[in-house]
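No hydrogens, no waters, no symmetry mates; every other heavy atom, side chains included, goes into these values. In each ligand, atom 1 is the first atom listed, and ligand 1 is the first ligand listed.
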Amino acid sequence: MQYNIKELNNWRSNAVSNINDKYYIETWGCQMNEEDSEKLSGMLKRIGYESTEVKEDASIIIFNTCCVRENAENKVFGNLGALKALKAKNPNLIIAICGCMMQQKGMADKILTTFPYVDIIFGTHNSYKFPEYLNTVKQQGVQVKEIVNKEDKIVEGIPIDRKSDIKAFVTIMYGCNNFCTYCVVPYVRGRERSRKPEDIEKEIKDLVAAGYKEVTLLGQNVNSYGKGLEEELTFADLLRRINSIEGLERVRFMTSHPKDLTEDVIMAIKECDKLCEQIHLPVQSGSSRVLKEMNRSYTKEQYLELVKKIKQEIPDVSISTDIIIGFPGETEEDFNETLDLVKQVEYDSAFTFIYSRRQYTPADRMEDQIPDDIKHARFNKLVDAVNEIIAKKNATYEGKVVEVLVEGTSKNDENRLMGRTRNGKLVNFDGCKESVGKLVNVNITRAQAFSLVGEEV
Ligand code: SAH
Ligand code: SF4
């Protein structure tokens with residue numbers, strides 16, 4: 001379905017905003033949520049709003065929520081509570097809440113009861129209707145709550161206001177069919193739906209025409225891209241088509257489920273010049289027994305075999321991962337297997353999580369939930385092991401010259417530039433400001449715990 005831009009222009013002329021009204025968006029969770037927020041921002045700018053980083057200056061505050069772990073949820077509740085005072089000071093303030101948390105059974109009602117000053121509640125499948133909801137609140141002064149549970153359509157052509165003008169996220173598929181036993185994503189994001197390749201190509205060509213150099217293709221499991229499309233197409237086919245887009249410099253993608261990462265994708269990375277040598281390959285656990293309980297459909301041995309193949313075929317590849325500690329029933333032996341796997345793979349980076357019980361998931365009903373103190377002790381041990389490996393890997397870059405796409409000035413030092421190597425390493429370096437947006441060579445002089453330091457050559 002094509003987004004109705006004309007209607008958006010109507011909202012603008014209907015003065016849904018007073019010109020220069022400001023909005024503030026806070027986003028929790030993954031890159032998909034980030035991209036959804038960029039779309040909310042794109043629609044709001046089209047109807048005349050401007051963005052602000054200061055909540056107090058905003059006439060609309062939007063919270064785009066995540067519910068993958070309990071602490072993400074708690075942060076949202078805390079932040080919503082803090083808005084009460086702001087709303088009391090400014091009764092015209094409009095508070096909207098959306099995202100994955102809203103798709104959970106009973107959550108929207110709970111929010112309305114606990115935080116009655118929230119004006120708009122909507123879910124992940126209908127965020128394109130936000131300007132309409134805003135109009136209703138403004139014109140009629142009523143609360144709006146709309147949660148859609150059926151994910152039947154993909155809406156193309158929503159205006160998008162991206163954070164960067166050099167690199168962009170491009171969602172290629174929505175939803176997930178895997179039902180890992182700990183995870184809420186399939187319940188809140190629905191089943192897998194792939195975008196048509198021509199829509200994806202058009203979006204990327206438009207980005208290139210606007211000066212973008214890099215895209216990251218997004219999906220919960222990009223390797224199963226293509227199912228259900230009229231045209232028969234695999235993820236590797238899509239990668240090769242994107243690789244032929246002129247003017248594009250770099251392509252990344254995430255996330256790859258180890259059970260679906262096929263040899264043709266590995267060969268595409270090897271053979272296509274724009275595909276970066278970087279794979280995010282969440283392992284979750286190093287114990288085949290736990291992996292089975294998690295419903296991950298691969299064993300430790302199969303995972304290690306896949307890593308071996310990737311390393312053989314793609315020199316300089318960097319591999320990153322997600323790991324969950326303290327899944328129900330995880331024994332000390334299971335945990336040691338995870339430590340052992342981490343050491344064998346030598347990850348370039350790893351997102352480590354403490355298992356969080358999620359209502360309605362099978363793992364929540366499992367016996368043998370692990371006590372917090374054990375989870376924390378294992379978690380700390382894992383983080384130490386991961387950090388040691390990352391530091392060791394980063395040290396191998398000292399004295400090397402690497403290609404960096406320059407993204408802007410460094411976070412902590414305005415006189416320095418920052419960017420990433422093809423395989424995703426963060427580099428802070430001395431260079432000339434004109435290099436921003438370009439590919440440059442950087443000599444690495446020093447490796448730090450999570451980044452590299454160097455100078456442009
Ligand atoms: N689709 C992706 C990522 C989805 S969520 C994938 O399959 O890899 C991102 C990460 O959050 C997961 O990889 C997992 O490591 C973590 N996660 C998901 N549910 C969790 C839970 N209940 N507790 C702790 N971590 C969780
Ligand atoms: Fe969650 Fe598993 Fe789907 Fe990833 S693949 S989103 S972890 S159910």
Self-check item: Min side-chain heavy-atom separation Val283-Val307 under 4.5 Å
Solution: no
Quiz item: How far is atom 3 (Fe) of ligand 2 from its nearest protein heavy atom, and which residue and atom is that?
Solution: Cys176 SG, 2.3 Å
Quiz item: What does the list of residues with a heavy atom under 4.0 Å from ligand 1 look like, ordered by chain and number?
Solution: Val68, Arg69, Tyr182, Gln220, Thr255, Pro282, Gln284, Arg296, Asp322, Ile324, Phe353, Ile354, Tyr355, Ser356, Arg358
Quiz item: Which ligand 2 atoms are under 4.0 Å away from a heavy-atom of Pro186?
Solution: 8 (S)
Quiz item: Does Lys381 NZ have over 12 foreign heavy atoms under 6.0 Å away?
Solution: no
Quiz item: Do Thr27 and Asn64 get their side chains close enough for a donor-acceptor pair, meaning under 3.5 Å?
Solution: no
Practice problem: Answer yes or no for Arg296: is there a heavy-atom contact with ligand 2 below 4.0 Å? | Solution: yes
Exercise. Answer with yes or no after comparing the ring centroid distance for Phe379 and Phe353 against a 6.0 Å cut-off, counting only values under it.
Key: no
Self-check item: Sub-4.5 Å side-chain heavy-atom contact between His257 and Tyr298
Solution: yes
Practice problem: Indicate yes or no: at least one non-hydrogen side-chain atom of Phe77 is less than 4.5 angstrom from one of Lys110. | Solution: yes
Quiz prompt | Ionic contact status for Glu305 with Lys309, cut-off 4.0 Å | solution = no
Quiz item: Which of these passes salt bridge (Lys or Arg N to Asp or Glu O under 4.0 Å) with Glu201: Lys196, Arg241, Arg195?
Solution: Arg241
Quiz item: Which ligand 2 atoms does Phe179 reach within 4.0 Å, using its non-hydrogen atoms?
Solution: 8 (S)
Practice problem: Return the residue, atom name and 0.1 Å-rounded distance of the protein heavy atom closest to atom 7 (S) of ligand 2. | Solution: Tyr182 OH, 3.4 Å
Quiz item: Taking only heavy atoms of His257, which atoms of ligand 2 are found under 4.0 Å from at least one of them?
Solution: 5 (S)
Exercise. Answer yes or no as to whether an N/O/S atom of Cys180 is found below 2.8 Å from atom 1 (Fe) of ligand 2.
Key: no
Exercise. Report yes if the side chains of Val170 and Leu207 come closer than 4.5 Å at any heavy-atom pair, otherwise no.
Key: yes
Quiz item: Which residue holds the protein heavy atom closest to atom 1 (Fe) of ligand 2, what is that atom called, and what is the gap in Å?
Solution: Cys183 SG, 2.3 Å
Self-check item: Aromatic ring proximity, centroids under 6.0 angstrom, Tyr182 and Tyr355
Solution: no
